Structures are given as structure tokens and as C-alpha cells.
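All residue numbers refer to positions in the sequence shown, counting from 1. We use all heavy atoms of the structure for the numbers below, so side chains are in, but hydrogens, waters and symmetry mates are not. On a predicted model such as this, the values are computed, not experimentally measured, just so you know.
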Amino acid sequence: MFYKLIKKKCDEWMKSPDCTIRELIQYIYTQNKMRDAQIEAIKIYLFLKIACGNRPLWQLFTEGSFNSLDLTAMELTVEAREILTTNKAAAALLEYSLLTDKNGKQLAPELEKVIKSQSEHINYEDVFKKIFYGVNYTDYLFSLPMGAGKTYLMAAFIYLDLYFAQNEPSNPAFAHNFMVLAPSGLKSSIIPSLKNIQEFDPTWIIPEPTASNLRRIIKFEILDEQKSAKKSNLVRNPNAQKINNHQPLEDLMGLVAITNAEKVILDRVDKDEDTKIFDKEELVKIRIANELRDIIGKIPHLAVFIDEVHHAADGEIKLRQVVEEWTKKHSFCGVLGFSGTPYLEKVENVNLTDSFLIKNTDLSNVVYYYPLIKGIGNFLKVPEVKYADNDTETIVKNGVKEFLDKYRNTVYANGACAKLAIYCGKIETLEELIYPLVTSIVSEYGLNPTEVILKYHGGNKAYPQPEGSETEFDSLDTDFSKIRIVLLVQIGKEGWDCKSLTGVILPQKGVCPTNMVLQTSCRCLRQVVKNADETALIWLNKFNADTLNKQLKQQQNISLQEFNKGKHQKTIQVERFSRMDRLKVPPIDFYQLKVSYQTLVTEEHPHTAQKLADERIFTEADVALIHKQDLAGKNLGHYLAETEAGEYISFHQWLYLIERESFRTLALGCLKEHEPILKKIFERITFKDEMGNTRYDNRYDHENIRSLIRKAFVPKRDFLVKEEVVPCEASLLQIEKLVSPISVQDDKPFFPSQDIVKTIVDWDTNAQNKVLSPEELALIEKMKKMGYPIPKPTDPHPERKQTYHYLPYRFDSGLEREFFKDSVLPILGEYKSQLEIYFNGDDTLTDFKIDCYKQSGREWRYIGKYVPDFLLLKRNGDGSIHRIIIIETKGEGFAAKFADRRQFMETEFISKNNECFGYERFRFLYLEDTLTKEKREKKTIKAIKDFFNI
């Protein structure tokens, strides 16, 4: 449940001026390729990377990074208030205790009581470390249900990390290389699906040409080799060799390696260990695993992705210990887990006090959770669940007949026909009971059993594996597969991606592991066609139905009744239209302040060798001087505070860092021309630790030293700051970006509604030739006979002539919507053809964006772009714009953050434009939500009368 606090803070960040990814997210929405579950996960991911620095969860919660609790209104003792006010970790745990479930019931009231009454006895930092498994590295888990597209989400994360790493190569938050681990025991089903990462199209999340450039630097390695080299006394791991081929490893970027978790988690066999307890084959396996594990540990800026992470949570798998070892060796970026079932089979206990335990049944490091029920009817089929307390034969008979009645003729858009999976538990059950029964049923329906039934199992002495069954099974989702019913034994419980699977039958206890009834039942829910109305059929015996109900409650907090036909809100198609030509909206001409810097070269040659040999290049870091004195104040001496050892670095990595920090203005070849002297500098500012690894010596200011090295390669320069006011012209709509239709889960932000949009568009094109209803036509005929004049059809939306340069508008805040709908539209009605108003607040569609600066002394500092919310304008007789009121609506919470830009708009922008145009042309009207609706309207009307003189 900690993810709820993270999401709340992420939502606040997305709306704040500090958010740097809003345009990127809007681009992803515009592309309309990623599901809502994936986009929301991307928001959380980038929030944790950018706003939170990719730090471990225990540290973020301890520092209060997600705190938003108001303690002022709480009833607290003096001691508790003091602790909760000063200790951010305590406040974070209290806020967690106040979370509620979907029915509004508080989840941890006892925890709240203990925090309020015994805070002085609680070590909150230690508690958070234990809650998040005591790891010191970043460990985030993303929980999405089957069918949500976890593999594509992994690919999206990889491309996003590389995108930001290219821009900020020294930023430790962003990974350069990636290791994808499939869980042990699932290599046959999960490794192939992970290969889909290669098929992901980066243009879905990143614009061209950047997307194609990133795709070119990615190097995929599937580490699925099973054996070492033959006829060799040495252990040679072909998977380790695949990684080793990418030399030099310290400069590696863009590697995506995919392997099975068991290849890297086997326990190490030390040289002094008695290896006699292992047989020769087992010993080779262990040494091969060690070799792969060691080479992975040398990959720089590595992120580890673990698919189906609930398997890796098993106590027998020492994955965390392995990762902990990796973090000690190089710049490690963190671990990302992905799972549809982030729960624990056993309750985990964390001691809060001597007498109180925090009990947890979910994996606590979940940072994003998308519930199964939300996916149904969205990107999953809508299930119909049926169960009976009958024998196996009766359940299979009823299930098969109902499936054939409903889906016999169902063929999906990809050409695949609907299929039913029957899980049999044992090979003998399949061969001797289920197969003969199903054969007779399909024959009754006029189908050929040999064509439509597939038996798939591993085989035993009595019944070998059916010939060609593996190929048939892998081809089920194709248009040439005629299979309708698949009989399975110990296959297809997890990781089976067959979208045309439309039904599942679990006829008896034991046909799948008890803890996997939910996953197995949901195999048939993957949607074939996006946003289509697709259904599925699930038949269970009573035991499996009870188990499914129990697991739904434990893992999804829903009942079987809610799951059965529980349909999530469908994706809504919003059609959008440009009306720029109809309204003849001219571009906005204005003057923009531009600050530029002119470089003046003050020497002819750089004299690189001389500058690199200068002792002044070895600048020392700021150090703390500690003074010692006795109680009488007598000085006993002073000494320097000890500094900790710096991070690991290699000479080549250091050279690349210097090159990257130059923003490609200094080529690596130039650095290598002076390699001997640079090597001496590097050796002086680094040292070897006891393990033989090279580390930074923190007595030196390394950032400044690298800067001085870069300066040594260019002639001395000076800068001249130039301020100018330049004429600009901006369109209120970039028509090429107005994609239509777009798919959304919630159309509330869009105004007006689709019905009104279509009415307005219809009136735009057919105002003179309106198609009248039969009642209206009859009334007109009657009026003609009586000699009355025929009235013209009344325009139901006359405001269309004064607004809506595109339809519909998308408002990010309720204040924008309320102001436009309830205040502006009535005002337009009063002023008819004199005024027009256009919404400009969608920064992905408008070109009218203003660069804002803040003056400090004689210099200007760029503070970002300002995108006006509304433009209220009056035209001249020739249709050109006479004057514009820029209207900004802002919530109270963002007033302080907006203050710098507001000041720039009210002073510099307005004055510069009026000065250049020679008369008042712009006015800035600021409306906060602290004002009542009536006061906002009065301010608007007063500005209209004063500024437009009407």
C-alpha cells in the first residue's frame, strides 16, 4: 500500500512547474500506442528517477519524500506532535497507517495508535529499512496484471533510461546497460516472450529522430546457451563470453542481456571449500554460474529487470545477495521487478515496538499497482465464470458444449479462431478420460477431432509426447491453426501468451498448483483486438472456484462476483477537429525577450600541454577543519576531517566522462593525443583500494579538475551578454499534432462533449441546409398553408462563432473548465461578435509559448516557458487582432511556484510588447482559485470594459 503515497506525490509533481516530462507524456498520449496502465507506470518511473533521484525506498520514506499529511488538525500529545513534526520518517509511517481501502475503511488503525502513543520508543529509520528488505540499492516493483504488457513496459523503461542517459551521461539515476532475468523454472515460457523487447517501437514513447538513434545503439544478447565448451579443462561459459565480446566493458552503453535467474544465483564455490560434496556435473554448473555472475558484475551503470519477481522472492533464491555484491563493484543503477501477483505466501513481520508487529502480506517495494479488475473490458476480455460441485466429466462436458455454442464460429481480426484450454492434472487423466469425452462432444458438433483437438504434455512410459504437439502449441495464435480445444498437463499455467484463448476449464483439484488458480484461470483474458468487446468463459469445480474467490480477495481485494462479468470502464474514442480556417484565427504577433551570449576568443592557440602540466590543475576539495579546545576555551590544536573513499572509476571511463561533459565539443581523439600526461593526472587524483579497484581521491575537486582539463584544449575566451527583443509569430494550433481520434479512459477533461462537438461541426458545414425532422417538416408545411413566414433553424451553439479554434478543448484543471464553461461563455453571449476567447493551455498543441527570464543584477536567468491558459481578444475591422487579454487561472497551491513567471508576464513581457508596438496591446489577468466565482467574473468583466473600451 506504500504505492498509494507515491502515486499521490507523483500526481502533484505532474501538475507542478517542476515537472520536466509533461511534453514527453503528452507525446505518448498522442501516439496512442501504449495502454493506460503502461503510461501511468511510466509517470511513476520517471517521477522516481527525476524528482526522487532513483534512491532506495527506505531512504525516500525516511526523508519524507512522499509526505503530504497535515498535522495541524490532528489530536496529538505534545510529545507526539514534536516527534511527528521533526521526524519525517515518523510522519511518513503515520500517513501510511491512515490509508483506506476501496470502501473507505482504515487499513491500520492500531498502527496509528502506536505511532501516536509510543513514537519516542520507535527507530523509524530502522523500521523502514526492515520494511524494504534491508537493501541499500534501488529496488522498485511494478505490479500489472497479465495482459497489461509488462514486456513492452520493460522495453519502454530501457529506451527512456537510454534517452536520459544520453543527455546526462554522468547522472547515476539512469542506466546505460540492462540485464533482464526470467524466474527460475519458467525459461521455456518466459524467455521467448522477453525477446519481444526487440520488437518494441521506441517511436511510441520518444519522437524521431531520437528514437531511431537510440535503437541503433542497443545491442541484444539472449543468454540461453546450455553447455560450456567441449574438450576443455577450463570452465568456459558461452553466455559469459557473449557479454565479454562487448569490450571495453567500462565504456559499454546499450547492452540488453536476457537470461534465466537460475544462471546467476547458484551459490559460489570458493577455492578453499571442500568441493567433494558436489558431483562433477554440479560443480561445473556452479562454476559456470559464477563466471557469468562475475562478468555481469563488471557491466557499468547496470539496471536489473526481474520478470515475475514473485518467484525470485522465494527464500531459496539468493538473488538479493548477488545484487548486493554487484553494487559493491561498480556504478549500479538498481533493480526493477515486474509481477502480476505481488503478494507473499507467508506473512512478514517487522517489529515496531517490543509489543507491536507490522504484518505485511504484500511485497512492500511495490511502487505502482494496477488492479486486475481495472483491466477487464479495457485490455482484457470480460469473463463469465461458472462452477459446479459435480464430477470432472460433467464439468468438462458442460464447459465444452457451452464454449462451442458461444464461440464455435468466432474468428478474430488476426485470423485466429477462438480456443478452449482444459487442464487435466495427469497424463493418464488426459489420455483415458478427457480426450475420449471431448472427442465425442466435438463429433456431435460436426467437427473433426483430429483437426480441432490438441493434446500437449511431456509424455511418460505409457503415453509418449504427441508428435508435433510442441509446434502446434507454438502456432495456436496464427490464422492457419485449426485447433479449437487444447488439452494440457503441467503446461500453460503462467507465461503463456495466447490471445485467441477464449475459455479455460479447471475441472478438478490439482490440475494446476493451488496457489496458481487465479493465474491459470486468467490465461484466457488477453484481448486480441484493442478496445474490442471481447468475452471469455471460465468453468471450474467447487474447490477451484473457492480457491479463486480466496485469491481474488487476497491479491486483488475483490470477490468472485465482482470478477465475474466485472467490466471496467471502456476506452473512449474522442474525435478532434480544427476550426482555424472557419474562424480565420490569425497568428499571434508579439515581441520576445532573447538573451544570447557572444564568445570572444582572447588567445590564438590553446597551449594544451602547458596548461595540463600546470600544478594549479590539482584543485583540492573543500574540507572541514576541526578545532579542538578544552572547557576553559584553551586551543588544543586542529585537524582535517577524514573523507570517505570515492566511487570506482577507470582511466578510460574518466576520459569518456570528460568528453561527455563537454557536450561533444571535445573529441576523444584529442584527449588521447595527450594520454601520457592525462594518465599522470588521473593516477594522482585516484588511488587503489585493498581490493585493487581504482577509486576517486576525495581530497580533490574532481568536477573542477575535469573542467580545467577541458579548458586546456581551447583558447581562452570571454563572453558578452546580449539582450534583444525580437519579433515572433505563433499559431494557436499546430494542426499536425491534433491527432484524431484519441483513446482515453476518462473524457471529463474534454469540453464540450462529443455530442456537442458533432453538432457544432455539423452546423459549420450544413448551417444553410439543415436536415429537419419529420415533425419540423410537418410544422413548416402547416405554416406555409397558413401564410406564416418560415423561421430559420436556430443555432443551438452560437458561441461557436466566438471560440473553439479546435474541438474539443482539454482542460487540465477543474478551475480552467469552470471558468470557461460557467464564466466565459455567458460573457461571450453578452458581447456577441465583439469578443473571442481561445484556450491556449494545451502546450502540446499551441505554438504561443513565452520564454521567461528573471533579472539578477545586470544578468538574466532563464526560468522556463510560460504557456497562457486563455487568450481573450478583440479584432479590428479587417480581421486582424486589436488587443489581447492573457488570462491565467491558477490554483492556490501553485501560486508561489508561478510567482517568477507571473512577475515576468506582468512587467517585462507586457512592457516590452507595448513599447515595441507603440501602444497597449496585451494585458495580463491573473485569477486564483482563492477568489470566488463571482469575484473572478467581476475582474474579467472590468478588464474587458477597461481594456477594450466596451
Once you measure the plane-to-plane angle for Phe682 and Trp654, does it fall in the parallel (<30°), tilted (30-60°) or perpendicular (>60°) bin?
tilted
Student check: side-chain heavy atoms of Leu666 and Ile658 closer than 4.5 Å
yes
Side-chain polar contacts of residues 203-213 - donor-acceptor pairs under 3.5 angstrom, sequence neighbours left out - could you list them?
unit_1, atom_1, unit_2, atom_2, d
Thr203, OG1, Asp201, OD1, 2.7
Thr203, OG1, Asp201, OD2, 3.0
Glu208, OE1, Ser212, N, 3.1
Glu208, OE1, Ser212, OG, 2.8
Glu208, OE2, Ser212, OG, 2.7
Asn213, OD1, Arg216, NH2, 2.3
Asn213, ND2, Pro209, O, 3.3

Let me confirm one number: the CD-CZ distance from Glu63 to Phe128, rounded to the nearest 0.5 Å.
11.5 Å
When rounded to the nearest 0.5 angstrom, what is the spacing between SG in Cys10 and CD1 in Ile44?
4.0 Å
Identify whether the distance between the nearest side-chain nitrogen and carboxylate oxygen of Lys9 and Glu12 falls below 4.0 Å.
yes
Nearest-0.5 Å distance, OG1 of residue Thr259 to CE of residue Met179:
7.0 Å
Between Glu23 and Lys849, is there a salt bridge with N-O shorter than 4.0 Å?
yes
Rounded to the nearest 0.5 angstrom, the CG-SG distance for Leu655 and Cys670 is 12.0 Å
Less than 4.5 Å apart, side chain to side chain, heavy atoms only: is that true for Tyr137 and Cys333?
no
Could you tell me whether a side-chain N or O of Lys219 sits under 3.5 Å from a main-chain N or O of Ile217, the two making a donor and an acceptor?
yes
Flag the pair Asn54 / Tyr140 as yes when at least one side-chain heavy-atom distance between them is below 4.5 Å, and no otherwise.
yes
Where the side chain of Lys611 meets the backbone of Leu708, is there a donor-acceptor pair that is under 3.5 Å apart?
no
Of Ile258, Leu302, Leu255, Asp161, the one forming a side-chain contact (heavy atoms from CB on, under 4.5 Å) with Phe178 is Asp161
May I ask you to decide if Asp307's main-chain N or O and Lys150's side chain share a donor-acceptor pair within less than 3.5 Å?
no
Should the pair Arg695 and Phe687 be classed as cation-pi, given the thresholds of under 6.0 Å to the six-membered ring centre and 45° from the axis?
no
Quick check: do Leu162 and Phe157 have side-chain heavy atoms less than 4.5 Å from each other?
no
For residues 701-714, which residue pairs pass the salt bridge (charged side-chain N to carboxylate O under 4.0 Å, His left out) check, not counting sequence neighbours?
Glu661-Arg706, Glu661-Arg710
Atom CD of Glu673 and atom CG of Leu678: how far apart are they, to the nearest 0.5 Å?
11.0 Å
Closest non-hydrogen atom pair, His246 against Leu252
CB-CD1, 3.8 Å
Ion pair check, Arg684 and Glu615, cut-off under 4.0 Å:
yes
How long is the straight-line distance from CG of Leu141 back to CG of Leu336, given to the nearest 0.5 Å?
9.0 Å
For the pair Phe338 and Phe305, evaluate ring-ring contact (aromatic ring centres under 6.0 Å, His included) and give the outcome as yes or no after the intermediate values.
CA-CA 8 Å; Phe338 300 84; Phe305 290 5; 5.8 Å; yes
With side chain to side chain contact (heavy atoms under 4.5 Å, CB included) as the criterion, how do Asp697 and Thr686 come out once you've worked through the C-alpha distance, each side chain's angles and the decisive distance to 0.1 Å?
CA-CA 5 Å; Asp697 187 339; Thr686 59; 5.7 Å; no
Verdict with reasoning, Thr694 to Lys688, per side-chain hydrogen bond (donor to acceptor under 3.5 Å, both in side chains):
CA-CA 5 Å; Thr694 304; Lys688 297 280 188 182; 3.0 Å; yes
Determine the interplanar angle of the His674 and Phe713 rings, folded into 0 to 90°, and report it as parallel if under 30°, tilted if 30 to 60°, perpendicular if over 60°.
perpendicular
Indicate the ring-plane relationship of Tyr152 and Phe200, choosing parallel, tilted or perpendicular according to the 30° and 60° boundaries.
perpendicular
Would you say that Leu46 contacts Leu24 through its side chain, given a criterion of any heavy-atom pair below 4.5 Å between the two side chains?
yes
Heavy-atom distance under 4.5 Å between the side chains of Lys43 and Phe47, does that happen here?
no
Closest approach of Thr20 and Trp13, non-hydrogen atoms and distance?
N-CZ2, 4.1 Å
Apply side chain to side chain contact (heavy atoms under 4.5 Å, CB included) to residues Ile681 and Phe618 and explain how you reach the verdict.
CA-CA 8 Å; Ile681 295 172; Phe618 297 101; 3.9 Å; yes
Flag the pair Lys129 / Gln59 as yes when at least one side-chain heavy-atom distance between them is below 4.5 Å, and no otherwise.
no
Residue list, side-chain hydrogen bond (donor to acceptor under 3.5 Å, both in side chains) with Gln610, at least two apart or on another chain
none
For the residue pair Ile6 and Phe61, establish whether any side-chain heavy-atom pair is separated by less than 4.5 Å.
yes
Assess the side chains of Lys737 and Thr844: does a donor N or O sit below 3.5 Å from an acceptor N or O?
no
